[in-house]
Amino acid sequence: MRILIVEDETGLADSLRRGLAAEGHWAEAVHDGHRGLEAALTGAYDVIVLDVMLPGPSGHEICRRLRRLDPWTPVLMLTAKDGEYDEAEGLDAGADDYLSKPFSFVVLTARLRALGRRRGPDGARPLAAGDLVLDPAARVCRRGGREIELTARELSVLRYLMENAGRAVAKRDILDEVWDSPAGTDPNIVEVYVSSLRRKIDVPFGRRALVTVHGTGYRLAPDGG
C-alpha cells in the first residue's frame with residue numbers, strides 16, 4: 001500500500017516509515033498540518049496515518065477538509081489522548097479508525113491491512129480531485145454533481161491521471177497503461193484524448209485542472225483546478 005504518515009514526532013514518524021517499508025509498503029512522512037493537508041489532498045495514498053496534535057491544522061481539521069473532497073481514502077488517527085470523547089471526535093471528523101499512543105506496531109499494521117481491505121480493489125475505488133469524481137467500476141464521471149459523458153478510452157486516460165493526481169506523467173506512461181498495443185502506437189495520440197478530456201471536464205466548468213507539463217506530459221491538479 002501507499003501510506004502517508006502525518007506525525008510531528010519525527011523519531012516516531014521515521015520509525016513508522018522504516019517499519020512499514022520493511023513490511024513491503026511505500027510510506028512517506030510529513031511533520032506538520034499544512035504539509036499533511038497538501039499531501040492528503042493529492043489522492044495519491046491508499047491509507048493515511050494521521051496524528052491529532054500537529055503544528056498548523058490539527059488532524060481533526062485535516063480529516064474534515066479531506067472528507068469534503070475525498071470520502072474514500074481510509075484514515076487511521078493517532079493521538080496521545082485517551083478516552084471515549086476523544087475517540088468520538090476523531091471518528092466524527094471522518095476517521096475510519098483510531099489508535100491511542102503508545103501503541104503496538106503489530107496492531108498498527110494489522111489495522112492498516114484491515115483498512116486497505118475495506119478500501120477494496122484499486123480498480124473499483126472511486127477517485128476524486130476537488131469536485132471531479134470518477135467511479136471506474138460504475139464508469140461514471142461527475143464534476144460538481146453534473147454527470148460527464150466519456151468514451152471508454154477517455155475514462156481510462158482520466159482514471160490514470162487521477163490515480164497520479166498532482167504528479168507529472170509522461171505520454172508514454174499513459175500509452176503503456178491505457179492502450180492494448182502501445183509499442184506500435186504513436187504517443188501523440190494521447191494529445192487527442194487529453195484535448196477531448198479538457199473540453200469535457202474543464203472548459204464547461206471554467207477550470208484548468210488538466211495541464212501540460214512541457215517536456216514531460218500532463219498533470220491533473222489534485223484540487224480539480
Side-chain angles (χ1 to χ4, degrees), residues 1-4 26 28 35 37-48 65-75 94 116 118-225:
M1 292 187 292
R2 295 176 61 87
I3 301 171
L4 173 65
W26 186 94
E28 179 180 6
R35 293 175 62 200
L37 179 60
E38 181 180 4
L41 291 177
T42 66
Y45 303 94
D46 298 306
V47 183
I48 298 172
R65 292 177 65 177
L66 175 66
R67 285 295 176 247
R68 293 173 196 153
L69 301 174
D70 176 4
W72 303 286
T73 301
V75 174
R118 188 186 308 172
R119 181 184 57 82
D122 286 340
R125 179 170 66 104
L127 303 165
D131 63 351
L132 179 67
V133 178
L134 177 66
D135 186 338
R139 306 188 72 79
V140 172
C141 178
R142 293 186 177 88
R143 188 186 276 287
R146 175 177 160 188
E147 190 164 335
I148 302 169
E149 185 175 345
L150 299 178
T151 68
R153 186 81 73 186
E154 289 168 346
L155 188 145
S156 295
V157 172
L158 180 59
R159 172 184 167 183
Y160 186 67
L161 290 166
M162 292 183 73
E163 286 174 340
N164 292 276
R167 296 196 293 268
V169 294
K171 291 180 187 177
R172 174 55 64 182
D173 291 339
I174 298 172
L175 202 65
D176 289 344
E177 178 71 20
V178 174
W179 271 258
D180 296 329
S181 303
T185 306
D186 185 346
N188 289 326
I189 191 64
V190 175
E191 293 181 14
V192 176
Y193 284 91
V194 169
S195 295
S196 180
L197 282 171
R198 283 192 179 115
R199 290 194 296 270
K200 292 183 176 184
I201 69 170
D202 278 351
V203 174
F205 302 91
R207 306 297 183 85
R208 296 183 63 184
L210 186 45
V211 299
T212 299
V213 181
H214 296 290
T216 301
Y218 305 98
R219 182 180 68 248
L220 185 76
D223 61 357

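Here the structure is a predicted model, which is why all the values come from computation and not from measurement. One is the number of the first residue; the rest follow in order along the sequence.
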**OP:** Identify, with sequence neighbours excluded, every residue that meets side chain to side chain donor-acceptor pair (under 3.5 Å) alongside R142.
**Re:** none
Subject >> Any residue meeting side chain to side chain donor-acceptor pair (under 3.5 Å) with R67, in chain and number order, not counting sequence neighbours >> reply: D96
Pair up each side-chain donor or acceptor in residues 208-225 with any protein partner under 3.5 Å, not counting sequence neighbours, and list the distances.
unit_1	atom_1	unit_2	atom_2	d
T212	OG1	R198	NH2	2.8
D223	OD1	G225	N	3.0

Original post:
Can you list the residues that meet the side chain to side chain contact (heavy atoms under 4.5 Å, CB included) rule with V133, with sequence neighbours excluded?
Top reply: W72, A128
Original post:
When you measure from the side chain of D131 to the backbone N and O of R143, does any donor-acceptor pair fall under 3.5 Å?
Top reply: no
Original post:
Of all heavy-atom pairs between D46 and P74, which one has the smallest distance, and what is that distance?
Top reply: O-CD, 3.1 Å
**OP:** Not counting sequence neighbours, which residues clear ring pair (Phe, Tyr, Trp, His ring centres under 6.0 Å) with Y193? List them please.
**Re:** W179
Subject >> Partner set under salt bridge (charged side-chain N to carboxylate O under 4.0 Å, His left out) for E149, not counting sequence neighbours >> reply: none
Subject >> For D173, side chain to side chain donor-acceptor pair (under 3.5 Å) partners two or more places apart >> reply: none
Original post:
With sequence neighbours left out, what residues match P187 under side chain to side chain contact (heavy atoms under 4.5 Å, CB included)?
Top reply: K171, R172, L175
Original post:
With L158, which residues qualify under side chain to side chain contact (heavy atoms under 4.5 Å, CB included), at least two apart?
Top reply: L132, L134, C141, L150, M162, L197, I201
Original post:
Restricting to pairs with a member in residues 147-175, which pass ring-ring contact (aromatic ring centres under 6.0 Å, His included), not counting sequence neighbours?
Top reply: none
Original post:
Taking all atoms of both residues into account, what is the closest heavy-atom pair of A165 and T42, and its distance?
Top reply: CB-O, 3.3 Å
**OP:** Tell me, please, which residues at least two apart from S196 pass side chain to side chain contact (heavy atoms under 4.5 Å, CB included).
**Re:** E154, R199, K200
